[in-house]
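Just below is one structure, and these are the notes that go with it.
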Amino acid sequence: MTPAAAQTENLTRMQAEDFEGIAERIDRALKNVEELADENARMHALGLKTAIEDFHKFALTKIVQKLKSDERGKELLFELVDEPSVYALLQLHGIVKPNVGARIVQVLDAVRPYMQSHGGDVEFVRFEDSVVYVRLAGACSGCSQSAVTLREGVEEALLHNIPEVKAVEVLPNEPTPALIRIESLAASKTKGWIETLAVEEVPAGKMKCFQSETANILLVNIDNRLNAYRNECPHQGLPLDGGMLEAEEGLLTCPWHGFKFDATSGECLTAPAAQLESFPLRIENGRIFVRPA
Ligand code: FES
């Protein structure tokens, strides 16, 4: 990496930390205000917060309207919205609507405590052609009356709250672990497996994408452990291969809006329900084979 690129990377990381630090500070301050024993003081403090927010919303709306009215301004606005802190600010004031993926995650997060209290859980897989694909766990899987009720609850919450959602599909749970240590596996080819790259083409600490006829696959090597994911961020379905891979931390950051993922498991650290879709992977004669869903 060139010194300039390293500097840019450091700057990006510092900005992300600053943003998270400020967000935490706001959460703490708000919690302190909400816990004020003196009701009068609490009402005044919350009133001040609302007044400041209204003022910011008023001015921000003017800025966005002005930018939108000009072609170059529009371009700048789109660039700005890609910055997570700007996106969060505009979203907070209702100036940009969260995208469908983020709203699906929010709805599932809202129903999750109820499902967990009944021994179940739900995982968002992807949104495609107006259909939300989910996986269900625990008491939600199976065909008991309570499982059916929980499934219907998820479906109703999504259909009711997100107009873009026309149907909900439950995917079967995948029993095959995605993570396989690099070693010689003498398994014969079976239906559905496709040959991708040579092992040495994806060295430790790197990721590469491979476009097959049926899927765009992202191969990630952390500490000589390979994983295969669908090359699609669950946030807005955009490709992840231009993102930043921090091998030591095992972190993959989406290049579009900065969602962070555990590169070894696909778990999303920004919105825990928005996991990467992983594919089974095996090595044979130095070649990487993947079985896309
Ligand atoms: S597409 Fe928005 S964070 Fe990845």
Side-chain angles (χ1 to χ4, degrees), residues 8-9 11-24 64 74-109 123-135 158 161-165 178 206-211 215-220 222 227-247 249-279 292-293:
T8 308
E9 192 176 312
L11 194 60
T12 308
R13 205 173 304 161
M14 273 169 57
Q15 280 169 346
E17 281 163 6
D18 281 349
F19 170 50
E20 279 161 22
I22 294 167
E24 276 169 24
V64 169
K74 240 189 233 172
E75 244 176 70
L76 278 174
L77 183 61
F78 287 139
E79 279 173 30
L80 278 168
V81 172
D82 277 345
E83 158 62 39
S85 57
V86 175
Y87 181 79
L89 179 69
L90 297 179
Q91 190 182 324
L92 176 78
H93 290 295
I95 297 169
V96 295
K97 231 168 132 194
N99 59 71
V100 183
R103 279 182 282 145
I104 291 170
V105 170
Q106 279 169 3
V107 169
L108 295 180
D109 281 348
E123 175 200 327
F124 171 45
V125 178
R126 66 178 185 277
F127 177 66
E128 205 174 278
D129 297 332
S130 308
V131 181
V132 180
Y133 293 87
V134 295
R135 282 205 179 90
L158 289 167
N161 290 293
I162 307 177
E164 293 92 331
V165 173
K206 298 283 177 214
M207 59 181 177
K208 285 265 173 70
C209 71
F210 180 86
Q211 178 70 58
N216 190 355
I217 299 163
L218 185 68
L219 299 164
V220 184
I222 298 288
N227 282 288
Y229 300 110
R230 188 181 292 281
N231 186 18
E232 233 173 55
C233 176
H235 177 211
Q236 286 194 340
L238 296 168
L240 282 160
D241 55 293
M244 181 165 67
L245 184 65
E246 293 166 275
E249 292 83 3
L251 273 184
L252 169 59
T253 304
C254 176
W256 302 96
H257 311 99
F259 272 35
K260 287 190 185 301
F261 299 90
D262 181 330
T264 60
S265 67
E267 186 192 346
C268 181
L269 307 173
T270 310
Q275 193 159 324
L276 295 182
E277 186 183 355
S278 61
F279 299 140

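Computed from a prediction, not measured in an experiment: that's the story for all the values here. Whatever order the structure lists them in is the order used to number ligands and atoms, beginning at 1.
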Practice task
Looking only at N, O or S atoms, find the one in His257 nearest to atom 2 (Fe) of ligand 1 and name it.
Solution key: ND1

Problem - side chain to side chain donor-acceptor pair (under 3.5 Å) against Glu267, all qualifying residues, sequence neighbours excluded - result: none

Handout entry: Contacting atoms of ligand 1, where contact means under 4.0 angstrom from a heavy atom of Phe259
Key = 3 (S)

Practice task
Could you tell me which atoms of ligand 1, counted from 1 in the order shown, lie closer than 4.0 angstrom to a heavy atom of Gln236?
Solution key: 1 (S)

Handout entry: Metal check, atom 4 (Fe) of ligand 1 vs Cys233 N/O/S, cut-off below 2.8 Å
Key = yes

Handout entry: Evaluation steps, salt bridge (charged side-chain N to carboxylate O under 4.0 Å, His left out), between Glu232 and Arg126
Key = CA-CA 9 Å; Glu232 233 173 55; Arg126 66 178 185 277; 5.6 Å; no

Exercise for the section: Could you tell me which N, O or S atom of His235 is nearest to atom 2 (Fe) of ligand 1? Expected result: ND1

Practice task
Identify the heavy atoms of Trp256 and Pro239 that sit nearest to each other, and give their distance.
Solution key: NE1-O, 2.8 Å

Problem - Per-atom contacts, ligand 1 versus Trp256 - under 4.0 Å to a heavy atom - result: 1 (S)

Handout entry: Numbered atoms of ligand 1 (with element) below 4.0 Å of Cys254, judged on heavy atoms
Key = 1 (S), 3 (S), 4 (Fe)

Handout entry: Nearest heavy atoms of Glu164 and Phe127, plus distance in Å
Key = O-CZ, 3.8 Å

Completion exercise
Across all chains, not counting sequence neighbours, the side chain to side chain donor-acceptor pair (under 3.5 Å) partners of Asp109 are Arg112

Exercise for the section: Look at the side chain of Thr270 and the backbone N and O of Lys260, then say whether any donor-acceptor pair between them is shorter than 3.5 Å. Expected result: yes

